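Here the structure is a predicted model, which is why all the values come from computation and not from measurement.
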Amino acid sequence: LDGLGAGAGGLGRKLAGPLSSPGGALIGGGAIAGAFAGANVRAAGNQRLTRIEDSTAALEIQLGGAKQAADLVANILKTVNGTPFTLDQFVEAGRTLVTFGTEAEKIPTYLTAIGEAAAGSGKGIEAVGTITDVFAKMQIAGRVTTDDWQRLGYVGVNALQIWGNASGKTTAEMQKL
């Protein structure tokens, strides 16, 4: 840094001065780390925004217009508020459900169930992706397979028990169906 001291009005001395003591180096290092952390937060925010924009653009095509896509994204935002998940994660999950034929008006209800199951499993966003994929597969097939139950089980969701509770049956009764 000494060679920089003469140029640019002593810029090198101004930058190196506070860093020359051990305490100053720690503070300077902390400031540099803080600047990098801020850049990472901005980059992550930009990635989320890009995912939301990309998913919204896909929804415009799938749903037949910008208004329909905007309405769905607004409903997804209402669904995601108060959960540990982010809008971009749920918009992507909603887009996946639309892709596989789920009606737009049912998606907020499905996402609520998916979010609750994922949060209850302790697996977080990993579970949201798996559960969404299983829902989409069931939508296409029009039925539930043993593989579907197993995939839900792998992310900590006891789907037979949930379905049994909703149907007023025990898990053993559900296994016989």
Side-chain angles (χ1 to χ4, degrees), residues 33-167 169 171 174-175 177:
F36 281 119
N40 287 336
V41 167
R42 279 191 301 280
N46 287 338
Q47 289 173 350
R48 283 190 186 129
L49 182 59
T50 299
R51 283 194 299 268
I52 293 168
E53 289 172 345
D54 291 348
S55 291
T56 302
L59 286 169
E60 286 180 21
I61 294 166
Q62 293 169 323
L63 296 174
K67 180 179 179 346
Q68 294 89 334
D71 289 347
L72 179 57
V73 171
N75 287 331
I76 292 172
L77 176 59
K78 290 176 191 171
T79 301
V80 79
N81 281 336
T83 73
F85 306 107
T86 61
L87 179 60
D88 64 308
Q89 295 165 337
F90 267 38
V91 168
E92 285 186 21
R95 182 190 48 77
T96 298
L97 292 171
V98 168
T99 299
F100 289 97
T102 305
E103 297 171 26
E105 51 275 350
K106 291 182 180 180
I107 288 176
T109 303
Y110 285 9
L111 289 177
T112 298
I114 290 168
E116 289 172 356
S121 76
K123 301 274 184 171
I125 192 59
E126 172 193 343
V128 169
T130 300
I131 296 167
T132 301
D133 289 345
V134 171
F135 266 67
K137 182 182 171 203
M138 289 186 295
Q139 179 74 28
I140 292 275
R143 62 187 176 95
V144 182
T145 66
T146 303
D147 180 59
D148 297 330
W149 297 121
Q150 289 174 341
R151 286 187 65 208
L152 291 170
Y154 293 146
V155 293
V157 176
N158 187 342
L160 275 177
Q161 181 180 8
I162 294 168
W163 189 27
N165 290 344
S167 303
K169 299 181 190 287
T171 303
M174 296 306 295
Q175 288 173 333
L177 294 177

Distance-minimising heavy-atom pair for [X] and [Y]:
X	Y	value
Thr79	Pro108	OG1-CB, 3.4 Å
Ala117	Val157	O-CG2, 3.9 Å
Phe85	Gly124	CE2-C, 3.6 Å
Gly94	Ile76	CA-CD1, 4.3 Å
Gln139	Gly101	NE2-O, 3.3 Å
Ala58	Arg95	CB-CD, 3.5 Å

Distance, nearest 0.5 Å, that separates [atom1] of [X] from [atom2] of [Y]:
X	Y	atom1	atom2	answer
Gln89	Thr83	CD	OG1	8.0 Å
Leu152	Thr130	CG	OG1	8.5 Å
Thr102	Glu105	OG1	CD	10.5 Å
Leu111	Lys106	CG	NZ	14.0 Å
Glu92	Ile125	CD	CD1	8.0 Å
Ile114	Phe90	CD1	CZ	7.5 Å

Would you say [X] and [Y] make side-chain contact, with heavy atoms under 4.5 Å?
X	Y	answer
Val128	Lys123	no
Ile107	Val98	yes
Asp148	Thr145	yes
Arg143	Met138	no
Gln62	Thr99	yes

salt_bridge(Asp147, Lys137) N-O dist < 4.0 Å: yes

N-O pairing of Asp71 and Lys67 below 4.0 Å: yes

Verdict with reasoning, Thr86 to Val80, per side-chain contact (heavy atoms from CB on, under 4.5 Å): CA-CA 7 Å; Thr86 61; Val80 79; 5.7 Å; no

Donor-acceptor pair, side chain of Ser121 and main chain of Val155, under 3.5 angstrom: yes

Distance-only polar pair, side chains of Thr56 and Glu53, donor-acceptor under 3.5 Å: no

Residue pairs, two or more places apart or on separate chains, that pass ring-ring contact (aromatic ring centres under 6.0 Å, His included) and touch residues 136-156: Trp149-Trp163

